[in-house]
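In what follows, a single structure is set out as structure tokens and then discussed.
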Amino acid sequence: MAARTQLSGPHAAFLMTYRIKHEPKVIHADEAHLLSGMEHFLVWLEHNRRGVLAGLLVALCALAAVGVALWYDARQETEAADLYRQATQLVIERPADNQAKAEESLKQAIGLYRRVVEEYPRSRSAQISLFHLGNALVQVNNVKGGIEAYKKYVATYGTNKLLLGLVYQRLAYAHLIDGDREAAVKAFLNVVGLPGTLNKDQVLFELGKLEESLSRPEGALAHYQNLVKVFPNSPFAGEATVRMKALEAKKAPAAPPAAPAPATP
């Protein structure tokens, strides 16, 4: 037998005192709370399985409905834009040397513009189509229909100040064609009161001429003066200045006739 090796001294004491330590697994408070919360959630989920499934089904249906609505709106926009493009192309490309064919093109365009306005009222193309519908109706001598279209635009899209000024101007011209000059004055004045419109100088000039035709020189002079003062670089300012001088000349009192020369004896 092999002799046992005996250790003595400090080595033996070291071996006797050394032990392998097994530290117990300690679950920290946060981890224990997490496990407890997860267990509670799984238990709650098990007890409320039907309600959870129903809620998920409702959420999926809602998402599907939103997706369908977005797809439908996009399709509506595309179809409305295509109709607007066709109508505008008919107006632009109508022949200038064939009155009958040009009128037929305008009537086709009117039909397309009406479809956009009536079938796709929520589309972006509906607003501009209504404006062009009024223009086309006036061009085919349906002035009453044009006035109605312009008034519908004002009532429906009155927040678009930029285009609203042009609509009021076209409405005023339609009233003039219809023989209602006072209604035209009111439509023009609506443009003057709008902020941010780009056609205010032209409207002031038109108002001046209209007031002259109504034998109201004071009103005409006021509009011309406003035009020259606010829009000095306008292409209408030069003619407005000429008309102002003519009106002021009419206002000036006539010079008394010269006294006859004394007779020579």
Side-chain angles (χ1 to χ4, degrees), residues 75-192 194 197-214 235-236 239:
R75 181 178 176 183
Q76 294 283 95
E77 287 287 349
T78 301
E79 292 176 355
D82 187 54
L83 289 173
Y84 170 75
R85 180 189 58 77
Q86 294 177 42
T88 305
Q89 188 172 1
L90 283 168
V91 173
I92 294 173
E93 296 180 357
R94 69 187 189 277
D97 56 349
N98 190 331
Q99 183 64 29
K101 193 172 181 180
E103 187 170 339
E104 181 59 30
S105 295
L106 283 172
K107 288 179 179 178
Q108 292 179 24
I110 287 170
L112 293 172
Y113 285 137
R114 283 195 191 278
R115 284 189 59 191
V116 177
V117 173
E118 295 172 1
E119 297 178 19
Y120 306 93
R122 295 173 52 193
S123 67
R124 289 189 293 268
S125 300
Q127 181 178 165
I128 190 66
S129 293
L130 184 55
F131 173 60
H132 286 301
L133 174 61
N135 297 341
L137 286 168
V138 172
Q139 286 178 299
V140 296
N141 295 321
N142 185 355
V143 180
K144 297 289 186 184
I147 290 173
E148 183 180 347
Y150 294 137
K151 287 184 176 179
K152 183 177 179 180
Y153 183 98
V154 172
T156 309
Y157 306 107
T159 56
N160 187 345
K161 304 301 182 185
L162 186 62
L163 191 56
L164 189 60
L166 294 175
V167 173
Y168 272 127
Q169 184 176 349
R170 292 301 184 97
L171 176 60
Y173 291 149
H175 281 308
L176 287 175
I177 295 172
D178 200 37
D180 193 344
R181 291 188 291 181
E182 290 296 343
V185 169
K186 291 179 181 178
F188 280 135
L189 287 174
N190 283 327
V191 180
V192 176
L194 284 174
T197 54
L198 302 178
N199 58 329
K200 196 171 293 187
D201 57 337
Q202 183 178 0
V203 166
L204 286 170
F205 182 71
E206 297 288 355
L207 273 170
K209 292 195 303 180
L210 191 51
E211 291 287 351
E212 282 192 75
S213 70
L214 292 169
F236 300 98
E239 189 172 349

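Quick caveat, the model's predicted, so the values are computed rather than measured.
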**OP:** Mind checking ring-ring contact (aromatic ring centres under 6.0 Å, His included) for Tyr173 and listing every partner two or more places apart, or none if nothing turns up?
**Re:** Phe188

**OP:** List in chain and number order the residues that pass side-chain contact (heavy atoms from CB on, under 4.5 Å) with Ala183, two or more places apart in sequence or in another chain; answer none if no residue qualifies.
**Re:** His175, Asp180

**OP:** Using the side-chain hydrogen bond (donor to acceptor under 3.5 Å, both in side chains) rule, collect all pairs that involve residues 92-103, keeping only residues at least two apart or in two chains.
**Re:** Gln89-Glu93

**OP:** List for me each residue that meets salt bridge (Lys or Arg N to Asp or Glu O under 4.0 Å) alongside Glu104, sequence neighbours excluded, and say none if there are none.
**Re:** none

Original post:
Listed by chain and number, what are the side chain to side chain donor-acceptor pair (under 3.5 Å) partners of Glu182, not counting sequence neighbours?
Top reply: Arg216

Original post:
Are side-chain N/O atoms of Glu77 and Tyr120 paired as donor and acceptor at under 3.5 Å?
Top reply: no

**OP:** Mind jotting down which residue pairs meet the side-chain hydrogen bond (donor to acceptor under 3.5 Å, both in side chains) criterion with at least one end in residues 143-152? Sequence neighbours excluded, please.
**Re:** Asn135-Tyr150, Lys144-Asp178

Original post:
Of all residues at least two apart in sequence or in a different chain, which pass the ring-ring contact (aromatic ring centres under 6.0 Å, His included) check with Tyr168?
Top reply: none

**OP:** Using the test side chain to side chain donor-acceptor pair (under 3.5 Å), find all partners of Asn141 that sit at least two apart in sequence or belong to another chain.
**Re:** none

Subject >> Set of residues satisfying side chain to side chain donor-acceptor pair (under 3.5 Å) with respect to Arg114, sequence neighbours excluded >> reply: none

Original post:
Considering residues at least two apart in sequence or located in another chain, which fulfil the side chain to side chain donor-acceptor pair (under 3.5 Å) criterion with Thr88?
Top reply: Tyr113

Subject >> salt bridge (charged side-chain N to carboxylate O under 4.0 Å, His left out) partners of residues 130-142, not counting sequence neighbours, each pair once >> reply: none

**OP:** Tell me, please, which residues at least two apart from Phe236 pass ring-ring contact (aromatic ring centres under 6.0 Å, His included).
**Re:** Phe205

**OP:** Indicate yes or no for a side-chain donor-acceptor contact from Arg170 to the backbone of Val138 under 3.5 Å, with no hydrogens or angles considered.
**Re:** no

